Amino acid sequence: MSGPNSTPVRIGIIGLGTVGGGTVNVLQRNAQEIARRAGREITITQASARDLNKPRICNTDGIALTSNPHDVVNNPDIDVVVELIGGDTLARELVMSAIEQGKHVVTANKALIAKHGNEIFDAAQKKGVMVAFEAAVAGGIPIIKAIREGLAGNRIDWVAGIINGTGNFILTEMRDKGRSFEDVLKEAQELGYAEADPTFDVEGIDAAHKLTILAAIAFGIPLQFEKASTEGISAITTEDVGYAEQLGYRIKHLGIARRTEEGIELRVHPTLIPSKRLIANVDGVMNAVLVKADAVGPTLYYGAGAGAEATASAVVADLVDVVRTLTSDPENRVPHLAFQPGALADTAILPMDEVKTAYYLKMRAQDKPGVLADITQILGNANISIEAVIQKEPSDEATHATIIMLTHLVKEKAMNQAIAQIESLSSTEGKVTRIRVEQLNKDD
Ligand code: NDP
Ligand code: HSE
């Protein structure tokens with residue numbers, strides 16, 4: 001390359017696993033194209049991994065290797081640190097140290113950003129360095145850039161996304177192939193999709209990390225992971241999937257952040273979505289984020305949500321951004337959380353009890369006159385109106401019928417109270433299954 005500054009930018013990569021390995025591969029394979037875009041070559045000077053004898057998915061010839069990640073951060077020859085180890089303890093230490101030393105950081109670590117992002121961005125702002133995190137949300141989909149820059153003229157009303165590839169892969173394989181939960185999770189781990197602790201994927205914690213980040217950049221609020229309401233997919237049964245289909249819905253694990261007059265909803269849970277919505281048909285490891293904004297209306301972003309090179313695509317795009325802006329005035333860069341640091345709002349996050357949604361309810365009740373009337377009376381007393389009811393007669397040896405209902409909108413607190421009353425009826429058996437329903441209409 002030639003130009004005012006044609007020296008290569010030297011980077012250090014911490015972590016050579018799925019994403020680190022993919023990043024090395026993409027940087028090496030597309031080196032020329034990347035340099036033409038960035039204006040300077042990008043050289044991987046040093047990289048670290050825990051076990052240097054482990055086989056890698058990438059070629060590390062010519063890269064100095066170390067098992068101590070601090071060596072990379074402290075290396076005076078490195079301009080940009082790429083953090084790809086995961087977790088939020090050592091990663092936080094390394095990122096804060098890099099910032100302290102005036103180095104730019106690129107990370108794919110949503111746990112780190114969701115939990116410590118406010119502190120990290122504050123430190124970065126003071127040091128005039130960039131901390132780029134496109135790969136932290138929805139794998140290869142450039143959703144951070146889309147919201148932070150592409151939609152900068154809009155007031156964003158809500159964001160709803162399938163933002164965990166592992167969870168969506170499990171739900172899809174269970175529905176389409178009748179495979180067991182455990183079997184599909186194992187495959188997701190082998191493919192490198194799952195987190196080091198896969199309960200983060202199946203219990204919605206990973207999606208809540210990502211949703212926290214999306215909400216911050218969509219609404220201009222600080223990162224508030226501790227206020228996100230999180231429910232996983234482990235309780236979803238193939239029976240519920242089947243009933244939902246009969247009612248014209250698909251069950252998806254959604255992260256939803258919505259601005260309301262009372263505050264901001266921040267919630268991750270299994271959700272029934274009308275089957276005809278594009279997002280209801282996003283399957284496998286693919287992710288999709290639907291953003292409803294006032295000027296443009298709804299826009300949908302779709303792509304691979306996990307995996308080595310899909311995620312590397314976002315890591316490398318961030319590197320290109322960092323390289324392009326290396327010489328620009330720190331005050332004039334795109335703000336980390338989309339809004340200027342001094343202009344973040346203190347809008348409250350709504351407690352889940354106050355959130356209004358429609359519900360899918362499944363319960364087992366004695367098949368005799370008056371039982372359905374008792375249930376509908378409880379719902380009626382709580383001002384919960386019913387949109388649809390299906391009753392499945394009991395098989396010969398069973399005493400209870402299965403009743404499935406769809407309700408209209410109601411506050412979560414009222415629904416929980418009504419469910420408790422239904423469960424206490426002598427004519428019902430066991431727990432009521434409750435899954436939230438979202439229409440995701442353009443007018444919502
Ligand atoms: P991996 O487990 O595949 O890789 C982690 C890497 O970090 C490994 O090379 C490992 O070394 C190294 N490492 C881990 N702990 C330490 C430690 N204590 N000291 C030194 N090195 C360490 O993880 P992924 O690549 O899947 O994930 C990395 C990050 O990217 C995470 O934050 C994850 O959430 C995020 N992410 C992952 C995606 C994916 O599809 N996998 C997608 C988007 C984001 P060794 O190899 O020797 O064990
Ligand atoms: N474990 C995450 C997922 C990786 O499955 O979505 C991508 O962030």
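Quick caveat: nothing in here was measured; it's all calculated off a predicted structure. We count ligands from 1, going down the list as the structure has it; atoms in each ligand are counted the same way.
- The nearest heavy-atom contact from the protein to atom 46 (O) of ligand 1 is R56 NH1, 2.7 Å.
- A side-chain N or O of R434 and one of N416 form a donor-acceptor pair less than 3.5 Å apart.
- With contacts defined as side-chain heavy-atom distances shorter than 4.5 Å, the pair F200/N164 does not qualify.
- Residue contact annotation: E83 has no non-hydrogen atom under 4.0 Å from ligand 1.
- A distance of 7.0 Å separates NZ of K356 from NZ of K411, quoted to the nearest 0.5 Å.
- Neither the backbone nor the side chain of A194 comes within contact range of ligand 1; no heavy atom lies under 4.0 Å.
- The atoms of ligand 2 that sit less than 4.0 Å from any heavy atom of N164 are 2 (C), 3 (C), 5 (O), 6 (O).
- Within 4.0 Å of atom 26 (O) of ligand 1, at least one protein heavy atom is present.
- The proximity of R50 to ligand 1, defined as any non-hydrogen pair under 4.0 Å, involves the side chain as well as the backbone.
- Listed by number with element, the atoms of ligand 1 under 4.0 Å from a non-hydrogen atom of L84 are 5 (C), 6 (C), 7 (O), 28 (C).
- Atom 5 (O) of ligand 2 has its closest protein heavy atom at T166 OG1, 2.6 Å.
- Distances from atom 23 (O) of ligand 1 to the protein include no heavy-atom value under 4.0 Å.
- The single protein non-hydrogen atom nearest to atom 7 (C) of ligand 2 is G305 O, 3.2 Å, given as residue, atom name and distance.
- Screening E354, E412, E438 for a salt bridge (Lys or Arg N to Asp or Glu O under 4.0 Å) with R267, the sole residue that qualifies is E438.
- The protein atom (non-hydrogen) at minimum distance from atom 45 (P) of ligand 1 is K54 NZ, 3.4 Å.
- Note on ligand 1: G307 sits in its first shell, one or more heavy atoms being nearer than 4.0 Å.
- Considering only non-hydrogen protein atoms, atom 2 (C) of ligand 2 sits nearest to E195 OE2, 3.2 Å.
- A donor-acceptor pair under 3.5 Å is absent between the side-chain atoms of D283 and the main chain of T172, judged by distance alone.
- Looking at every heavy atom in both residues, I256 comes nearest to A160 through CG1-CB, 4.2 Å.
- Residue A194 touches ligand 2 through its backbone alone, judged by heavy-atom distances below 4.0 Å.
- Taking the six-membered ring for Trp and thresholds of 30 and 60 degrees, F169 and Y193 have ring planes more than 60 degrees apart, a perpendicular arrangement.
- The protein non-hydrogen atom at the shortest distance from atom 8 (O) of ligand 2 is K110 NZ, 2.4 Å.
- Close contacts of ligand 1 with G86, meaning ligand atoms under 4.0 Å from a residue heavy atom, involve 31 (C), 32 (O).
- The closest side-chain heavy-atom distance from L361 to I404 is not below 4.5 Å.
- Look at D206 and K110 and you find a salt bridge, because one of the NZ, NE, NH1 or NH2 atoms lies within 4.0 Å of a carboxylate O, short of that distance.
- At the shortest separation from atom 36 (N) of ligand 1 among protein heavy atoms lies K110 NZ, 3.6 Å.
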Might you work through the side chain to side chain donor-acceptor pair (under 3.5 Å) test for Q46 and D71, ending with a clear yes or no?
CA-CA 9 Å; Q46 193 176 23; D71 290 348; 4.9 Å; no

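- Shown in contact with A135 at under 4.0 Å from a heavy atom are these atoms of ligand 1, numbered in order with element: 43 (C), 44 (C).
- When the options T107, L90, L52 are ranked by their closest heavy atom to atom 18 (N) of ligand 1, first place goes to L90.
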Starting from the C-alpha separation in whole Å, work towards a yes-or-no answer on side-chain contact (heavy atoms from CB on, under 4.5 Å) for V95 and L112.
CA-CA 9 Å; V95 165; L112 176 73; 3.8 Å; yes

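- To the nearest 0.5 angstrom, I11 atom CD1 is 8.5 Å from T43 atom OG1.
- There is no side-chain donor-acceptor pair under 3.5 Å between T238 and R175.
- When all heavy atoms of V19 and T311 are compared, the pair lying nearest together is CG1-CG2, 3.7 Å.
- At a heavy-atom distance under 4.0 Å, no atom of N287 approaches ligand 2.
- For S48, the heavy-atom gap to ligand 1 stays at 4.0 angstrom or more.
- With ligand atoms numbered from 1 in the order given, ligand 1 contributes 33 (C), 34 (O) to contacts under 4.0 Å with heavy atoms of E195.
- Ligand 1 does not have A196 within reach: every non-hydrogen atom of the residue lies 4.0 Å or more from it.
- Closest to atom 6 (O) of ligand 2 among all protein heavy atoms lies G165 N, 2.7 Å.
- Atom CD1 of I390 has more than 12 neighbouring heavy atoms from other residues, nucleotides or ligands inside a 6.0 Å radius.
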Passes side-chain contact (heavy atoms from CB on, under 4.5 Å), K392 versus Y243? Steps please.
CA-CA 10 Å; K392 299 279 173 191; Y243 290 141; 3.6 Å; yes

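- Close N/O approach between S67 and ligand 1 is not found [any backbone or side-chain N/O within under 3.5 Å].
- Close N/O approach between A49 and ligand 1 is not found [any backbone or side-chain N/O within under 3.5 Å].
- Near K210, meaning under 4.0 Å from any of its heavy atoms, are these atoms of ligand 2: 2 (C), 3 (C), 6 (O), 7 (C), 8 (O).
- Annotation: atom 12 (C) of ligand 1 to nearest protein heavy atom, I85 CG2, 3.8 Å.
- For ligand 1, the polar-atom distance check finds no N/O of A306 at less than 3.5 Å from any of the ligand's N/O atoms.
- Atom 47 (O) of ligand 1 has as its closest protein heavy atom D51 N, 2.8 Å.
- Between L266 and L211, the closest side-chain pair of non-hydrogen atoms falls below 4.5 Å.
- Taking any N or O of L16, backbone or side chain, at least one lies under 3.5 Å from an N or O belonging to ligand 1.
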